[in-house]
There are 2 protein chains.
Amino acid sequence: MPSHRLDPIDRKILSELQADGRMTNVELARRVGISAPPCLRRVRTLEEQGFIRGYHAEVDPRELGFEVQVFAMVGLQSQAEADLRAFEDRCRSWPLVRECHMLNGEVDFILKCVAPDLSTFQTFLTGELLTSPNVGSVKTSLVIRGAKDEPGVPFDILEERLTEAG
Amino acid sequence: MPSHRLDPIDRKILSELQADGRMTNVELARRVGISAPPCLRRVRTLEEQGFIRGYHAEVDPRELGFEVQVFAMVGLQSQAEADLRAFEDRCRSWPLVRECHMLNGEVDFILKCVAPDLSTFQTFLTGELLTSPNVGSVKTSLVIRGAKDEPGVPFDILEERLTEAG
DNA sequence: CGCATTATTGAAATAATATTGCGTATGCGC
DNA sequence: GCGCATACGCAATATTATTTCAATAATGCG
């Protein structure tokens, strides 16, 4: 059990599972260069320690009938902590809102939304988001096309930095 | 093999695997109410037909030393198709850039970036992004805190619409 | 250093799961 | 109703996950 600092094998495991989360443990063990039992133990430990939060199938939104993706920049009227929390809670309750991040600068939040079509999004926008208490300004931008959509973090960067540092 | 339209069982499969991509096929079969063999056949078909693009472990960026997340709004000088493509290609080559979406409106692209620390991001920003050909304006916003980060699409919405329609 | 302690490993055995083969049911066009 | 197509589930087999355990490598301490 790596007490808190990960060794190269752990990082390789995370990197491989980020790229293919359904790889068999046998294959994973082969790739990271150890046998299956310790490999599985490492994966379990990484899960327990929170390095791995979960596993997800990546589905194709278009194929499933979600044609529309929108980024919404939201400014609130009050930035008091309680009001921020209230808005975040509301975002969590909206299925169309997949991501909600609090930002610095003029815009308070950025929301990534997914909807079957434009009218569904418009209904949500005018009926829910804009009429929500404390919401000041909302600027929306439709995604014309996606150019890159990589999950998680760049492990290659991590390796670079660690080899430099020793 | 559902020729192209998914039945309720397929949608349930996708929904379950989106929520837990490492569920065993036996458990998945139990949840969707069929036996293991046809369940596995459906999963394979969904993969082949592109409804499932892949599986990924969700890792914790903070725990792995990626403390900084930034959204960058990029405006280009030329929006000619070749220039757009060139910029997208460049984004794909930058590990720090995890997502790149082309938008309508005044901003041409939104980029989601992840970095170990602010200085790493600044180095990327000034040394790569800002000095990139055809890049006009870049406005960056640091993520203060994440409030919601759900993967994929809201299947509950899908079910609602389909039951309404019949 | 050298020994004791602790962690981690891998081979082997077992349990569970994935996968294949096949016979059967169900629906649909004729 | 008949035959084709599709999808199902049972049973058998192959593969994988998981546990057990002895051996090895790392760690700390006298």
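Per chain, numbering begins at 1; letters A, B, ... match sequence-line order. No hydrogens, no waters, no symmetry mates; every other heavy atom, side chains included, goes into these values.
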**Q** Do other residues, nucleotides or ligands put more than 12 heavy atoms under 6.0 Å from the CD atom of A/E106?
**A** no

**Q** Can you tell me how far P of D/dT18 sits from CG of A/L28, to the nearest Å?
**A**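 It is 12 Å, rounded to the nearest whole Å.
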
**Q** Check whether any side-chain nitrogen or oxygen of B/R44 sits under 4.0 Å from OP1 or OP2 of C/dT19, and answer yes or no.
**A** yes

**Q** For the pair made of CZ in B/R30 and P in C/dA18, what is the distance, rounded to whole Å?
**A** 13 Å

**Q** Measure the distance from CG on B/L40 to C1' on C/dT20 and round it to the nearest whole Å.
**A**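 So the two atoms are 10 Å apart, to the nearest Å.
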
**Q** Taking only side-chain N and O atoms of B/R42, does any of them lie within less than 4.0 angstrom of OP1 or OP2 on D/dC8?
**A** yes

**Q** Starting at CG of A/N25 and ending at P of C/dA16, how long is that distance when rounded to a whole Å?
**A** 17 Å

**Q** Can you tell me how far C1' of D/dT18 sits from CD1 of A/I34, to the nearest Å?
**A**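 Rounded to whole Å, this separation is 15 Å.
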
**Q** In terms of side-chain heavy atoms of B/P37, which of C/dT17, C/dG21, D/dT16 is nearest?
**A**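 Looking only at side-chain atoms, B/P37 lies closest to C/dG21.
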
**Q** Measure the distance from CZ on A/R41 to C1' on C/dT9 and round it to the nearest whole Å.
**A**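 These atoms are roughly 7 Å apart.
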
**Q** If I take atom CD in residue B/E27 and atom P in nucleotide C/dT17, what distance separates them, rounded to the nearest angstrom?
**A**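 In whole Å, C/dT17 P lies 9 Å from B/E27 CD.
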
**Q** If you assign each of A/R22 and A/G33 to its closest nucleotide in DNA chain C, which residue comes earlier from the 5' end?
**A**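 It is A/G33 whose nearest nucleotide is closer to the 5' end.
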
**Q** Could you tell me the separation between the CG atom of B/L125 and the OG atom of B/S119, rounded to the nearest 0.5 Å?
**A** 12.0 Å

**Q** Just so I know, are the side chains of A/L84 and A/E81 near enough to count as touching, which here means a heavy-atom distance under 4.5 Å?
**A** yes

**Q** Base, sugar-phosphate alone, or nothing: which one does B/S35 contact when heavy atoms must sit under 4.0 Å apart?
**A**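 The residue B/S35 makes base contact.
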
**Q** Using whole Å, report how far CG of B/D10 lies from P of D/dC8.
**A**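 Rounded to whole Å, this separation is 8 Å.
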
**Q** Just checking, any donor-acceptor pair under 3.5 angstrom between side chains of B/Q18 and A/Y55?
**A**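 There is no such pair (donor and acceptor under 3.5 Å, judged by atom type) between the side chains of B/Q18 and A/Y55.
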
